[in-house]
There are 2 protein chains.
Amino acid sequence: MHTSCIIKHFENYSPLTERDRTLLASLEKSPRAYARNSVLWEQGEPSRHFYTVSKGWAYTYRNMHDGTRQVLDIYVPGDIVGLREFAFSHRITGLALLSDAELCAFPKTRLTDVFSQSLLLCNIFFMIAARDQAILLERLVNLGRRSAREKVAHFLVEIAERLKKTDVDTSGNLRLPLPQVLLADALGLSVVHINRTLKELKNDNLLLPTNGGVELLNIKALEEVAGFDPGYLEENIDDMLDHAREAQLRIDAAFTNADDNSEE
Amino acid sequence: MHTSCIIKHFENYSPLTERDRTLLASLEKSPRAYARNSVLWEQGEPSRHFYTVSKGWAYTYRNMHDGTRQVLDIYVPGDIVGLREFAFSHRITGLALLSDAELCAFPKTRLTDVFSQSLLLCNIFFMIAARDQAILLERLVNLGRRSAREKVAHFLVEIAERLKKTDVDTSGNLRLPLPQVLLADALGLSVVHINRTLKELKNDNLLLPTNGGVELLNIKALEEVAGFDPGYLEENIDDMLDHAREAQLRIDAAFTNADDNSEE
DNA sequence: CGCCGCGTTGAAGAAAATCAAAGCACGTGG
DNA sequence: CCACGTGCTTTGATTTTCTTCAACGCGGCG
């Protein structure tokens, strides 16, 4: 069976049964290609689907009344987009692409089906939601209490760290397709200031601004600059998942017993 | 049956069956009182429990290496604290109290049990997690792209809005127990600047800084100042919950059928 | 009384925004 | 192959916003 991107992502958390894998794969059935800079939706539109990212980079944003915007989150392959709109009938942020990309849509109600069929997947989804929150939290700390230099370093390092968990090779230099406007809008700074900050970091041989992106030259040193503590990306969940698997077994057993009895 | 705080909170989302109510009530069994300024935990400590807030105000924070801190979230009665640590073995933020308060601890694994026993509650928990994310998101926008004046107004108005959904009467003036240091650390500003901004808003008759708190005089006008759009607090979830209830019925039916058959 | 936590005020300085103008890479069409 | 436009980046000069430092006020409480 083809190991889809989302399955790989989930198997970071826990080994899956064949049933779980099939169930998950059903969320990544009809990948569709989109071009760089496509806008998949704008804030305010009805939100009936989640998306899984199988190729490329995306970001969510919020347009402000005064014409500025705030970029809220970056998505790389394996990520799930739109989970936070589970409770909302309309998009609370827009979604656009940083590169050519491939995404799969699936209806929100599908998620409830998955919950009802696999307690383990249900728990993993909850963990992903928790992790998403941890990332937002860290971004909040970043915006609230760090200097421009630290902000930039931290933001870049976090993304590099997240890429490590996917298929990407981060041993050499790592090129991130993040234009300077995006950094500005993500970090709440002006483009001009981002530019100057990048120049500074470039002079220190930490990175290299390329056209339409940034190349990281020394991730270790950048982590130093950022005061980066990867704790918020390192889930530790074995206890929880053991518990979930046991509960799943009990459920299955209950069903099987009932069935067995009924077939006697 | 005594209607606990968390049940009231959940019934904002959906009517509950008696079974669901019992299940939920089990999460609010042993309320314990804590004094103002108590620290319930520090970042880095092991995290084995969630807490439900039944009385009083709490907040999470992160201490920075340079001695500053970032306040991340405010909790009022009915809220659940620690959901975002579902995926983490250790606390990623500290928790402290703004007022005398009453909270109930329950082990994280208890949540998985609830998931396994009620699909509806599972969905509602997921919605609460989504809503928590939406709140963090809005706070991010606040820190990234708004002036000090807007930040303060938006922060205060959001909390007022959230209080409306609990038992609190927000028709008259509303006193929030938020000292100026807390506002500063929540909004990424200095205490001095918070002070000046509050003075400004006071001159405009929008609020009144009292000792250790802020009294809101004109919420409508404050919303104006903040450019407040309550969309991110207004879940619309009936479709989703209908779907969950139907799925729950199917599961129950399957069990009952199996049982019936086995008893024939 | 005297101390402590919190709020208030003024003056000076730093960080980042804004304004305005070029520069540079890349693709497109003549 | 070159001219041209467009999107992104770069730079300098100026202004704004917010911070820092330092001091003082003020109510509560042992």
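Proteins come first, then strands; the chains are lettered A, B, ... in the order of their sequence lines, and each starts at number 1. Fair warning: this is a prediction, and the values are worked out from it, not measured in the lab.
Checked options A/Gln43, A/Gln70, A/Glu42; the residue passing with A/Tyr61 is A/Glu42 (criterion: side-chain hydrogen bond (donor to acceptor under 3.5 Å, both in side chains)).
Rounded to whole Å, atom P of C/dG23 lies 17 Å from atom CG of A/Asn211. Summarising the geometry, the separation between CD on B/Glu215 and P on C/dG7 is reported as 15 Å, rounded to the nearest angstrom. As a whole-Å value, the separation of A/Leu98 CG from D/dC8 P is 11 Å. Rounded to whole angstrom, the span from the CG atom of A/Leu187 across to the P atom of C/dA17 amounts to 10 Å. Residue B/Lys202 contributes atom NZ, which lies 11 Å from atom C1' of C/dG7 at whole-angstrom precision. If you take NE2 of A/His193 and C1' of D/dC18, they are 13 Å apart, rounded to a whole angstrom. In this structure, A/Leu201 places its CG atom 12 Å from P of D/dT10, rounding to the nearest Å. At whole-Å resolution of the value, CG in A/Asp185 and P in D/dT9 are 12 Å apart.
Heavy-atom distances to DNA chain D give each of A/Arg145 and A/Thr210 a nearest nucleotide, and the one nearer the 5′ end belongs to A/Thr210. When each of A/Arg36 and B/Ser147 is assigned the nucleotide of DNA chain D bearing its nearest heavy atom, the one mapping closer to the 5' terminus is A/Arg36.
The side chain of A/Lys151 contributes no N or O atom lying less than 4.0 Å from OP1 or OP2 of C/dA16. Within the structure, every side-chain polar atom (N or O) of A/Lys199 is placed at least 4.0 Å from both OP1 and OP2 of D/dT9.
Relative to the side chain of A/Gln180, the nucleotides C/dC6, D/dT19, D/dT9 differ in distance, and D/dT9 lies closest. Side-chain proximity of A/Asn195 to C/dA16, D/dT11, C/dT8: nearest is D/dT11. Listed nucleotides C/dA17, D/dC8, C/dA11 differ in distance to B/Arg196; the shortest reach to its side chain belongs to C/dA11.
Side-chain contact between B/Glu158 and B/Phe228: present, with at least one pair of heavy atoms (C-beta onward) separated by less than 4.5 Å.
Residue contacts shown for B/Leu189 are limited to sugar-phosphate atoms, with no base heavy atom under 4.0 Å away. Residue A/Val192 is classed as a base contact, given a heavy-atom separation below 4.0 Å to a base.
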Exercise. Hey, mind stepping through B/Arg91 and B/Thr60 against side-chain hydrogen bond (donor to acceptor under 3.5 Å, both in side chains) and telling me if it holds?
Worked result: CA-CA 10 Å; B/Arg91 301 291 179 191; B/Thr60 48; over 6 Å; no
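The line from CZ of A/Phe88 to CD of B/Gln133 is 10.0 Å long, rounded to the nearest 0.5 Å.
A salt bridge is absent between B/Arg196 and B/Glu200: the closest approach of a Lys/Arg side-chain nitrogen to an acidic carboxylate oxygen does not fall below 4.0 angstrom.
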